Amino acid sequence: MIVTIDGPAGAGKSSIAHQVASQLEFEFLDTGALYRTATLAAIRSGIELADQDALADFVSRLNIAWRDKAAWLDSEDVSELIRTPEVTESIRHLADVPAVRARLSELQRQIAKGRNIVTEGRDQGAEVFPHAECKVFLTASPKERAKRRMRQLADSGRYVTLEEVLTAQNQRDLEDRMRDVGRLRAADDAVVIKTDSMTPEQVMDEIVALVRVRLEQLDSID
Ligand code: DC
């Protein structure tokens with residue numbers, strides 16, 4: 001069974017998707033990590049990031065994998081290295097290229113094939129897994145998302161103002177919504193959860209309950 005969890009940055013997707021997966025004893029796929037890994041490889045290679053054809057060709061030859069909750073480039077675990085501001089800042093170059101998205105979407109489908117898995121991203125329910133059995137779209141108000149992001153950064157020792165976070169977030173939201181491919185949007189059949197006044201545990205419980213209902217429905221069809 002495939003459970004997709006989509007939503008904008010700061011909606012709390014990633015920690016919740018992790019927890020949902022472990023609660024259900026499903027596997028977990030962080031699709032942003034795959035985009036980050038391809039971006040890290042492109043930066044390292046010195047390729048011109050504005051050259052879409054070159055990027056498409058480059059990514060088609062990369063050996064990216066997702067194993068043991070970690071992102072791999074060839075035989076190197078790059079899970080930490082892909083979290084730098086430089087990588088975050090450069091991802092949009094790759095995320096905008098249709099051929100790159102097609103390649104990484106295909107990789108995601110291969111990873112998920114035949115598994116019970118929770119996948120987390122922006123385009124999962126609407127584009128990568130249109131037939132997923134359970135689709136969730138998490139949202140929160142821009143201010144709430146920025147506050148959460150600010151706390152997250154403070155936890156890792158980086159102190160920024162709410163205004164700074166909001167400005168960067170608005171820019172990312174705009175890019176995510178405007179892109180021609182892989183646009184952030186809820187699938188028509190996704191359950192939308194607005195998380196503003198909810199604790200992470202409440203969000204997790206709601207999703208786990210949704211999945212359990214879905215599993216029962218599927219069981220009764222068999
Ligand atoms: O979830 P994240 O912040 O690690 O994702 C990093 C970037 O990767 C995000 O800004 C957009 C891109 N991305 C994407 O285009 N499609 C996905 N399924 C996941 C991430």
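Both ligands and their constituent atoms are indexed starting at 1 by order of listing. No experiment lies behind these values; they were computed from the predicted model shown. Atom set for the values below is all heavy atoms of this structure, side chains included, hydrogens, waters and symmetry mates excluded.
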#### Entry: NZ/NE/NH1/NH2 to OD/OE distance under 4.0 Å, Glu106 and Arg109
yes
### Query
With the threshold set at 4.0 Å, does a side-chain nitrogen-carboxylate oxygen contact exist between Arg185 and Asp6?
no
### Query
With the 4.5 Å side-chain cut-off for hydrophobic clustering, are Val87 and Trp66 part of the same group?
yes
### Task
Compare every heavy atom of Ala38 with every heavy atom of Phe58, then report the nearest pair and how far apart it is.
CE2-O, 4.4 Å
### Task
With sequence neighbours left out, write down each residue that passes salt bridge (Lys or Arg N to Asp or Glu O under 4.0 Å) with Arg92, or none if nothing qualifies.
Glu89
One pair per line, please: each N/O atom of ligand 1 matched with every protein N/O atom under 3.5 Å away, atom names first, then the distance to 0.1 Å.
| unit_1 | atom_1 | unit_2 | atom_2 | d |
| --- | --- | --- | --- | --- |
| ligand 1 | 1 (O) | Arg122 | NH1 | 3.3 |
| ligand 1 | 3 (O) | Arg36 | NH2 | 3.2 |
| ligand 1 | 3 (O) | Arg172 | NH2 | 3.0 |
| ligand 1 | 4 (O) | Arg36 | NE | 2.7 |
| ligand 1 | 4 (O) | Arg36 | NH2 | 3.4 |
| ligand 1 | 10 (O) | Arg172 | NH2 | 3.3 |
| ligand 1 | 15 (O) | Arg101 | NH1 | 2.9 |
| ligand 1 | 15 (O) | Arg101 | NH2 | 3.3 |
| ligand 1 | 16 (N) | Arg101 | NH2 | 3.0 |
| ligand 1 | 18 (N) | Thr31 | OG1 | 3.0 |
| ligand 1 | 18 (N) | Asp123 | OD1 | 2.8 |

### Task
Sort out for me which residue in Arg148, Glu144, Glu206, Lys13 forms a side chain to side chain donor-acceptor pair (under 3.5 Å) with Thr195.
Arg148
